[in-house]
Visitor: 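Got a structure for you, questions after.
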Amino acid sequence: MLESLNISNYALIDKVEIEFHPGLNIITGETGAGKSIMLGALNLLLGGRADSKAVRHADTKSVIEASFTVDDYQSLKQFCLDNDIEWDDERCILRREISPTGRSRAFINDSPVPLSKLEAVGCRLIDIHSQHQNQLLAREDFQLQVIDSLAGNSELLGVHAARFESFRRALHTYKVTKARFKKTRDDEEYTRYQLDQLNDLRLGDPNEQTELEQRREVLENLTVIKSELNTVLDSLFSGGHNALDLIATAQASCEELASLLPPDEQIVKRLEAAYIDLKDVAETVSAVDSSLMADPAELEDIERRLSDIYAMEQRHKVDSTAELIELRNKLATRLDALDGADETLASLEKEARRARDLAKESAAELTASRIKAAEALAAELVEKARPLGMKNLVCEIAVQPADLSARGADSVNMRFAFNKNQTPIPVSGAASGGEISRLMLTLKSIIAQRMELPAIIFDEVDTGVSGDVALRMGRMMADISRSLQVIAITHLPQVAAMGAHHYKVYKTDTDLSTYTAVEALSPERRINELALMLSGNPDDEAARGVACALLNNTPS
């Protein structure tokens with residue numbers, strides 16, 4: 001349940017701290033006192049849009065915090081664990097902070113979270129039902145949701161949604177593959193022409209182009225290269241004063257002077273090693289020089305081959321031999337696939353049909369459960385709504401075939417008649433605002449026992465009714481509060497008297513400003529408030545007597 005609500009620096013509220021209780025909690029107050037401000041603050045905990053204009057004092061932030069008891073709320077616990085949201089087994093605290101600049105921050109159990117996660121958790125903790133939400137009753141998606149809730153279809157809906165998604169993916173794969181095969185067939189002649197050209201090029205080595213370009217560069221610069229190589233060879237061993245001869249001369253002289261040289265330096269051996277290394281270098285360079293022979297025919301062949309490769313790359317808008325080989329392989333694979341296209345399409349179509357049949361099977365189960373739930377709901381809705389001043393109510397709920405979707409293959413159409421001999425029609429054209437309010441309250445009372453929500457808020461859903469009907473609506477809210485916590489904002493004393501706890505919202509003035517405050521009413525103050533609601537005068541003895549009678553007749 002909603003355990004406490006703390007609001008600070010928000011609109012007309014400086015600071016409000018309210019502790020709520022199990023059962024039916026009543027909130028009353030004059031129009032404009034600030035009841036809607038409290039709801040606006042609560043809506044921020046459900047992901048509502050933040051506005052810097054709501055920050056009362058520009059030097060500090062607005063803070064809205066609600067604490068909920070969540071003992072044994074396993075589905076919410078699992079949701080939070082699955083979504084990496086901080087969890088406490090006893091209490092869940094939601095907080096929203098709005099800076100004077102309009103920047104908003106959200107927290108769950110003191111851990112910062114994205115607004116989407118605050119909304120997801122908040123909607124699982126409290127349902128705020130206001131007058132404008134009565135229009136939901138005319139929407140087919142809401143009607144379907146009500147039927148599924150009463151039928152207990154949550155698990156089956158999960159199974160069906162997974163099956164429908166499998167069918168959707170299988171159908172998509174089949175259609176995409178079929179379109180690809182069709183395009184390949186349409187382009188088959190041209191594709192074979194392209195492949196033949198690439199095959200004629202006889203590409204094998206992905207690095208062929210690079211190697212040919214390197215060889216061409218050598219052949220084109222052969223004269224310069226051989227000149228440089230001859231310079232190297234002359235310097236090493238073939239020139240008049242080459243390095244090898246000079247080292248040999250130095251080595252011979254050092255051998256003559258061996259007795260004078262430091263023995264530890266091994267100068268003679270080091271000269272010998274240098275001679276061997278330089279001789280090896282000279283032989284390697286000589287081999288390279290011998291291998292470089294001018295061959296005009298080879299250069300022509302290389303130029304011709306590179307020209308063919310460049311032309312093919314330009315035609316296919318690629319930059320390398322490797323990309324041409326990849327393209328050739330793709331074209332070959334595409335044409336090879338045509339040979340087994342019929343078998344492939346038949347297999348994919350069979351898979352899509354099998355997935356569709358499974359989805360239809362679970363959709364049929366949903367339809368059966370919805371028809372049963374719709375019949376039960378229509379009867380129960382009439383039975384529970386008639387005491388609310390709708391004695392001629394007729395309700396027809398039709399579960400009709402619809403296109404297969406993730407929600408099944410049904411649409412729900414609720415039709416109502418409120419007068420004798422009237423043909424049931426959709427609620428949007430059949431009911432007044434007060435009648436729709438009573439229908440929605442009745443629906444909430446029916447599904448309350450199946451709701452796992454800790455709390456529900458009714459915001460003036462009793463607008464447009466009075467007298468005995470108002471009394472019965474109050475008793476219905478009290479009945480709902482036996483299954484979950486109910487917070488009702490009302491202007492009707494008949495409803496207010498039904499509450500186990502009563503809060504008054506009012507405005508008060510200081511020398512500098514007006515602000516909204518909330519007071520938990522004592523038994524005596526409750527009588528004053530009810531008398532005020534009845535007659536406009538809390539001291540009116542007759543009104544006080546009626547107030548006492550209303551409180552004494554409150555069901556326990």
Side-chain angles (χ1 to χ4, degrees), residues 2-20 25-68 85 92-135 454-461 463 487-491 503-520:
L2 174 59
E3 190 175 44
S4 63
L5 175 64
N6 298 325
I7 306 171
S8 63
N9 196 38
Y10 181 78
L12 291 179
I13 297 175
D14 271 340
K15 187 174 183 61
V16 162
E17 297 180 0
I18 313 172
E19 291 187 1
F20 292 102
N25 297 259
I26 296 294
I27 297 177
T28 60
E30 295 180 0
T31 300
K35 301 185 295 298
S36 60
I37 294 174
M38 293 173 56
L39 278 182
L42 262 176
N43 267 312
L44 289 173
L45 299 180
L46 303 183
R49 180 177 175 273
D51 189 345
S52 61
K53 295 177 181 178
V55 179
R56 181 172 173 84
H57 300 295
D59 58 344
T60 186
K61 62 188 175 184
S62 292
V63 179
I64 298 94
E65 181 176 283
S67 176
F68 296 83
I85 297 174
C92 184
I93 301 174
L94 308 184
R95 187 168 79 253
R96 186 88 177 267
E97 298 178 354
I98 309 167
S99 71
T101 61
R103 183 173 178 269
S104 170
R105 300 180 67 199
F107 301 82
I108 298 177
N109 293 330
D110 289 328
S111 295
V113 295
L115 187 59
S116 59
K117 289 190 176 182
L118 180 74
E119 179 182 6
V121 172
C123 290
R124 286 168 168 80
L125 287 169
I126 193 165
D127 174 25
I128 300 178
H129 184 83
S130 56
Q131 293 179 63
H132 75 273
Q133 286 183 304
N134 288 334
Q135 61 189 324
I456 185 170
I457 294 179
F458 289 116
D459 178 23
E460 299 182 4
V461 296
T463 299
I487 299 171
I489 299 174
T490 183
H491 286 291
Y503 305 85
K504 180 173 182 176
V505 180
Y506 60 95
K507 284 182 180 177
T508 186
D509 294 329
T510 66
D511 292 339
L512 299 176
S513 65
T514 299
Y515 63 91
T516 290
V518 181
E519 176 188 3

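Residues take their numbers from the sequence shown, with the count starting at 1.
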Visitor: Give a yes or no answer on whether the side chain of K35 reaches the backbone of G29 with a donor-acceptor pair at less than 3.5 Å.
Guide: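 Such a contact is found between K35 side chain and G29 backbone.
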Visitor: Please check: side-chain N/O of T490 versus main-chain N/O of I26, any donor-acceptor pairing under 3.5 Å?
Guide: no
Visitor: For F20, enumerate each residue passing the ring pair (Phe, Tyr, Trp, His ring centres under 6.0 Å) test, keeping only those at least two apart in sequence or located in another chain.
Guide: Y503
Visitor: If I take atom CD from residue E19 and atom OG from residue S67, how far apart are they, to the nearest 0.5 angstrom?
Guide: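 That separation rounds to 10.0 Å.
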Visitor: Run the side chain to side chain contact (heavy atoms under 4.5 Å, CB included) test on I93 and E65 for me, step by step, so that the C-alpha distance in whole Å, both residues' side-chain angles and the decisive distance to 0.1 Å come before the verdict.
Guide: CA-CA 7 Å; I93 301 174; E65 181 176 283; 3.6 Å; yes
Visitor: Report yes if the side chains of F68 and I126 come closer than 4.5 Å at any heavy-atom pair, otherwise no.
Guide: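 Contact flag for F68/I126 side chains = yes.
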Visitor: Please determine if D110 and R95 form a salt bridge, counting it only when a charged side-chain N lies under 4.0 Å from a carboxylate O.
Guide: yes
Visitor: By the side chain to side chain donor-acceptor pair (under 3.5 Å) test, which pairs, at least two apart or in different chains, include something from residues 100-109?
Guide: R96-S104, S99-T101
Visitor: Under 4.5 Å between any side-chain heavy atoms of L118 and L94, yes or no?
Guide: yes
Visitor: Do side-chain atoms of D459 reach the backbone of I489 as a donor and acceptor pair under 3.5 angstrom?
Guide: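 Between the backbone of I489 and the side chain of D459 there is no qualifying donor-acceptor contact (under 3.5 Å).
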Visitor: Using a 4.5 Å cut-off on heavy atoms from C-beta on, say whether the side chain of C92 contacts that of I108.
Guide: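 A side-chain contact exists here, since the closest heavy-atom pair is under 4.5 Å.
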Visitor: Which atom pair, heavy atoms only, marks the closest approach of L46 to C123?
Guide: CD2-N, 3.8 Å
Visitor: Could you check T508 against T514 for side chain to side chain contact (heavy atoms under 4.5 Å, CB included), going step by step and ending with a plain yes or no?
Guide: CA-CA 6 Å; T508 186; T514 299; over 6 Å; no
Visitor: Does L39 reach the side chain of I457, with side-chain heavy atoms less than 4.5 Å apart?
Guide: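 Result yes, sub-4.5 Å side-chain heavy-atom pair found.
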Visitor: Kindly write out the residues that satisfy salt bridge (Lys or Arg N to Asp or Glu O under 4.0 Å) with E17, not counting sequence neighbours, or none if the list is empty.
Guide: K15
Visitor: On a heavy-atom basis, which atom in G34 and which in V505 lie closest, and how many Å separate them?
Guide: C-CG1, 3.9 Å
Visitor: Got more than 12 heavy atoms from elsewhere within 6.0 Å of CD, E30?
Guide: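 12 or below, so no.
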Visitor: Would a 4.5 Å heavy-atom cut-off, applied to side chains only, mark R49 and N43 as touching?
Guide: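 Heavy-atom side-chain distance check fails, nothing below 4.5 Å.
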Visitor: For the backbone of N9 and the side chain of S62, can you confirm whether one donor and one acceptor N or O come within less than 3.5 Å of each other?
Guide: yes
Visitor: Step by step, work out the salt bridge (Lys or Arg N to Asp or Glu O under 4.0 Å) result for E97 and K61.
Guide: CA-CA 7 Å; E97 298 178 354; K61 62 188 175 184; 3.2 Å; yes
Visitor: Is the closest side-chain heavy-atom distance between T28 and H491 below 4.5 Å?
Guide: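 No - every pair of side-chain heavy atoms lies 4.5 Å or more apart.
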Visitor: Is any side-chain heavy atom of M38 less than 4.5 Å from a side-chain heavy atom of I27?
Guide: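 Yes, side chains in contact.
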Visitor: What I'd like to find out is whether the side chain of Y10 reaches to under 4.5 Å of the side chain of I64, using heavy atoms alone.
Guide: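 Yes. Closest side-chain heavy atoms under 4.5 Å.
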Visitor: Quick one, Y506 with T516, criterion side chain to side chain contact (heavy atoms under 4.5 Å, CB included). Give me CA distance, side-chain angles, the key distance, then yes/no.
Guide: CA-CA 6 Å; Y506 60 95; T516 290; over 6 Å; no
